[in-house]
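One structure is given below, encoded as structure tokens.
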Amino acid sequence: MTVLITLPDGSERKYDDGVTGFDIASDIGPRLAKAAVAVTVDSVMYDLHRPIASDAAVSIVTENTEAGRHVMRHSAAHIMAQAVLELFPGSTFAIGPAIEDGFYYDFSVDRPFTPDDIEAIEAKMLEIVAADQPFERGELEIADAITQFADHPFKVEIIRGVDADEGVDDTTVSTYRNDGFLDLCRGPHLPSTGRLTAFKLLRSAGAYWRGDENNPQLQRIYGTAWESQKALEEYLVRLEEAGKRDHRKLGAELDLFSFPSELGSGLAIWHPKGGILKTVIEDYSRRTHRNGGYDYVVSPHIAKADLWETSGHADFYAENMYPQMELDGSDDKDGQAYVVKPMNCPFHILVYKSSIRSYRELPMRLFELGTVYRYERSGVLHGLLRARGFTQDDAHIFTTEAMLADELNTLLDFVLMVLRDFGFEEFEADLSTRPEKFVGDVDAWGRAEAYLAASLDKAGLDFQIAAGEGAFYGPKIDIHVKDAIGRRWQLSTIQVDFGQPENFKLEYATAENTRERPVMIHRALLGSVERFVGVLVEHHAGAFPMWLSPVQATIIPVADRHQGYAASVGEQLNKAGIRVEVDTADETVGDKIRKAITQKHPAVIVVGDNDVAAGTAGLRLRGDEHEERGVAVDTVITRLVELARPPR
RNA sequence: GCCGGGGUAGCUCAGGGGUAGAGCAACGCACUCGUAAUGCGUAGGGCGCGGGUUCAAAUCCCGCCUCCGGCUCCA
């Protein structure tokens, strides 16, 4: 018997059946054979040495591709589990997948791993790699597999849950063995442990079995693996570079904000420079919303608990809300319960309800920079990206269902315009659809989901459907941006709400003078201003576009006798709206320039004797290698004003 | 909240039972300087907080606070 193998370039080759991916790769060339880690057979991944039984489209998976690294990392996870089970008798293992840039494996052990343990495990792994043990695929009937893994309850649970999709079929599972170590696994794996060329264990952490905190907590070890030592080192450098962008670190270095422990977890104070940054962003937000047809409203930070009963938050959002406080009580009468607001929507609804509304007023767009407080569990706080108090650029749009589609289209364009203004270029969206528990009627949900999808299409935005991930009151779009080093951040959210108009009995008068219920859209574009600043800091690595930069120009007098002139240039720039600092420190010019550059100031202006005489200045813009000398002060002002102009 | 690892001068970090150190920053003096660190000097610390053990605790033990990395959740 022969099999006909079709290669990715369309060429066909005949082999005896039982030919393996490795044979084919060797046939094509020795370098390919050397780089091969697995093979794709009719889009199913096979081990390199697994026989191919019938005609198939085959492509060789090499180690320097994402698919190849995935195989390698998965094998690395196995080798790690092998090392752990050897070093920690009595321990058992759960799951160990490849993940982006690495892998992990979850274990149940007597005690958590220490950093020394991690080193020992890494050393043991190196031994296993040096031994170059082949990975051998096998298949087991489910009943046999359960016997085989009887000592490993998590494996048994996995085997019991296996369906035809995961197993070989619905009665058989595949296993991999190298040396004495057997693991349940779909594969494929590297041909042998020796092919794991570069890896490093990174950290250990607790992780609940199946991600549920009601389950036992396992010990997870994270690692990374690459096709070469060089690629591994490059990855570690990348991690380091990302660390340098950390907004908490840069926030302190650039003197933007801090989290003093006297305040409490998750609560930031904004220093003057951060205060300017936040204000500039908020001013931009107010301006663009006003121009986008929104009305600005303001609401208080606390409200009667009853309001949150009506809105439903007291039920479904209780765990994120701070405890009630009782006000206005006395010995004779009970007080009134109040709570701090975790959201702005009920207030905007009350604005809507403050008067009888006509269809002529819709869509009504109510916007607020609303500061909310949410209780977040201590372990999840993360600088500005996850805080307990923050300001949302929040708006609620009340519209008829007939106008919903148009409104969503307009809104999505508006969102993308705003995000682009802050320097983001790449976007992705999730469309979250009706969950099991929901309010409103199924048809209305269907229509709303269709409108959302259509608006995404119209905006040309790539999106994924997150089935069943919508809020119980309506479907939503979440928009993610990609930052300068390729990380994704969720910023904007657009949520259709059928529930609140119902809860608050909202109405409008139609042209026929009947009463209809409006549809509500909740939407935040920057999301939280705090979080947005955090993302901006990381995206720009602290070097903000000039219109956002807290200090836009530093003026450096060459010697003390130039201070008067420096101050006058500073005053002129200040009058022109440029945020400027004059550095009068008793230091050398070089030192002061270095400080200005380190602080990421966009423009450095040096003035000396020649400038005083000629009414000029030396100008050095961020990113330029050299300065320009003798630029007329008027020209400096015109140019900087132009560079500092906000996008709108 | 749970599991690890941290908290020593404004910042980055040494020191791990005998009473606290460096670099940078700050301040002072000299230098008056033309595009990424001028030199010299000075000051600065209840070693996160509270207990305990000890002749003696930054150091060992217990509790708490807080930060970092994860789990879960999310703007």
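Naming convention: chains lettered A, B, ... in sequence-line order (proteins, then strands); numbering from 1 in each chain.
Screening A:Asp394, A:Thr391, A:Val529 against A:Thr371 for a side chain to side chain contact (heavy atoms under 4.5 Å, CB included) leaves a single residue, A:Thr391.
The OH-P distance, from A:Tyr375 to B:U72, rounds to 18 Å in whole Å. Rounded to whole Å, the distance from NZ on A:Lys592 to P on B:U32 is 14 Å. At whole-Å resolution of the value, CZ in A:Arg377 and C1' in B:G70 are 13 Å apart. Here the C1' atom of nucleotide B:A36 and the CZ atom of A:Arg622 are 16 Å apart, to the nearest Å. In this entry the distance linking CG of A:Asp583 with P of B:U32 reads 19 Å, nearest Å. In this structure, CG of A:Leu621 is placed 15 Å from P of B:A36, rounded to the nearest angstrom. Whole-Å rounding puts the A:Asp591 CG to B:G39 C1' distance at 13 Å. A:His480 places its NE2 atom 10 Å from the P atom of B:A75, with the value rounded to the nearest Å.
Every residue two or more places apart in sequence or in another chain that forms a ring-ring contact (aromatic ring centres under 6.0 Å, His included) with A:Tyr473 is listed here: A:His522. In this structure A:Phe93 satisfies the ring-ring contact (aromatic ring centres under 6.0 Å, His included) test together with A:Tyr105, A:His152, A:Phe181, sequence neighbours excluded. For the salt bridge (Lys or Arg N to Asp or Glu O under 4.0 Å) test, no residue two or more places apart in sequence or in another chain qualifies with A:Arg287. Partners of A:Tyr222 by ring-ring contact (aromatic ring centres under 6.0 Å, His included), not counting sequence neighbours, listed by chain and number: A:Tyr104. With sequence neighbours excluded, no residue satisfies salt bridge (Lys or Arg N to Asp or Glu O under 4.0 Å) with A:Asp255. With sequence neighbours left out, the ring-ring contact (aromatic ring centres under 6.0 Å, His included) criterion links A:Phe103 to no other residue. Contacts of A:Arg220 classified as salt bridge (Lys or Arg N to Asp or Glu O under 4.0 Å), with partners at least two apart in sequence or in another chain: A:Asp106.
Of the side-chain N and O atoms in A:Tyr222, one or more sit less than 4.0 angstrom from OP1 or OP2 of B:C71.
Nearest-nucleotide assignment on RNA chain B puts the 5′-proximal partner with A:Gly608, out of A:Leu381 and A:Gly608. Checking A:Ser378 against A:Gly630, the closest nucleotide of RNA chain B that is more toward the 5' end is the one next to A:Ser378.
For a distance-only test at 3.5 Å, the side chain of A:Arg386 qualifies as a donor-acceptor partner of the base of B:C73. In the interface, the side chain of A:Glu376 is paired with the base of B:A75 through a donor and an acceptor atom under 3.5 Å apart. Counting atom types as modelled, A:Arg561 pairs no side-chain N or O with a base atom of B:U32 as donor and acceptor under 3.5 Å. One can find a donor-acceptor pair under 3.5 Å joining the base of B:G34 and the side-chain atoms of A:Asp611. The base of B:G70 has none of its N or O atoms less than 3.5 Å from a complementary donor or acceptor on the side chain of A:Tyr208. Residue A:Arg594 places a side-chain atom within donor-acceptor reach of the base of B:A37, judged by atom type and a 3.5 Å distance cut-off alone.
Pair assignment for B:G4: B:C68, on the basis of Watson-Crick or G-U wobble contacts that are both within less than 3.5 Å. Across the strands present, B:G16 finds no partner; the criterion is a Watson-Crick or G-U wobble pair with both atom distances under 3.5 angstrom. Pair assignment for B:G46: none, as no Watson-Crick or G-U wobble contacts are both less than 3.5 Å. In this structure, B:G34 makes no Watson-Crick or G-U wobble pair, since no nucleotide meets both defining distances under 3.5 angstrom. The pairing partner recorded for B:C73 is none, the criterion being a Watson-Crick or G-U wobble arrangement whose two distances lie under 3.5 angstrom. Both distances falling under 3.5 Å, in either a Watson-Crick or a G-U wobble arrangement, occur for no nucleotide opposite B:U53. Across every strand in view, B:C29 sits in a pair with B:G39 that passes the Watson-Crick or G-U test at under 3.5 angstrom.
The side chain of A:Val558 has B:C33 as its nearest neighbour among B:U66, B:C33, B:U35. Here the nucleotide nearest the side chain of A:Glu587, chosen from B:G69, B:G70, B:U38, is B:U38. The nucleotide whose nearest atom lies closest to any side-chain atom of A:Val606 is, among B:U66, B:U35, B:A37, B:U35. The listed nucleotides are B:G1, B:U38, B:C71; the one nearest the side chain of A:Arg220 is B:C71. In this structure, of B:U66, B:U32, B:A75, it is B:U32 that holds the atom nearest to the side chain of A:Ala559.
Judged purely by atom type and a 3.5 angstrom limit, A:His247 uses its side chain to pair as donor or acceptor with the backbone of A:Leu384. At least one donor-acceptor pair closer than 3.5 Å links the side chain of A:Tyr322 to the backbone N or O of A:Arg374.
In this pair, A:Phe424 and A:His540 present their aromatic rings tilted. The plane angle is within the 30 to 60° band.
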Produce the list of close N/O pairs, under 3.5 Å, pairing protein atoms with atoms of nucleotides 11-16 of chain B; give distances to one decimal.
none

N/O to N/O distances under 3.5 Å, protein versus nucleotides 29-31 of chain B:
unit_1, atom_1, unit_2, atom_2, d
B:C31, N4, A:Asp586, OD1, 2.6
B:C31, N4, A:Asp586, OD2, 2.5

Give me, pair by pair, the N or O atoms of the protein and of nucleotides 60-62 of chain B that are less than 3.5 Å apart, along with how far apart they are.
none

Could you go over nucleotides 3-8 of chain B and give all protein N or O partners under 3.5 Å, atom names and distances?
unit_1, atom_1, unit_2, atom_2, d
B:C3, O4', A:Gln217, OE1, 2.7
B:C3, O2', A:Gln219, OE1, 3.2
B:C3, O2', A:Gln219, NE2, 3.2
B:C3, O2, A:Gly206, N, 3.2

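A donor and an acceptor atom, one from each side chain of A:Tyr565 and A:Asp611, are nowhere located under 3.5 Å apart. Under 3.5 Å, the side chains of A:Thr588 and A:Asp591 contain no donor-acceptor pair of N or O atoms. For the residue pair A:Asp583 and A:Thr554, no side-chain donor N or O sits within less than 3.5 Å of a side-chain acceptor on the partner. Between the side chains of A:Trp209 and A:Glu157, at least one donor-acceptor pair of N or O atoms lies under 3.5 Å. A:Ser299 and A:Glu368 share a side-chain donor-acceptor pair at under 3.5 Å.
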Go through it in stages, so that I can follow the logic: the residues are A:Ser258 and A:His271, the test is side chain to side chain donor-acceptor pair (under 3.5 Å), and I'd like the CA-CA distance, side-chain angles, deciding distance and then a yes or no. CA-CA 8 Å; A:Ser258 61; A:His271 301 194; 2.7 Å; yes
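Contacts with RNA chain B (heavy atom under 4.0 Å) in residues 314-324 of chain A: none are found.
Stacking between A:Phe390 and B:A75 is shown: the ring centroid lies under 5.5 Å from the centre of the six-membered base ring, and the planes differ by under 30°.
Figure legend: A:Arg531 and A:Trp489 shown without cation-pi pairing, the cationic atom not lying both under 6.0 angstrom from the six-membered ring centre and within 45 degrees of its axis.
When the C1' atom is compared between B:G44 and B:A9, the two are found 6 Å apart, to the nearest whole Å.
Between A:Arg248 and A:Asp246, at least one side-chain nitrogen of the basic residue sits less than 4.0 Å from a carboxylate oxygen of the acidic one, meeting the salt-bridge criterion.
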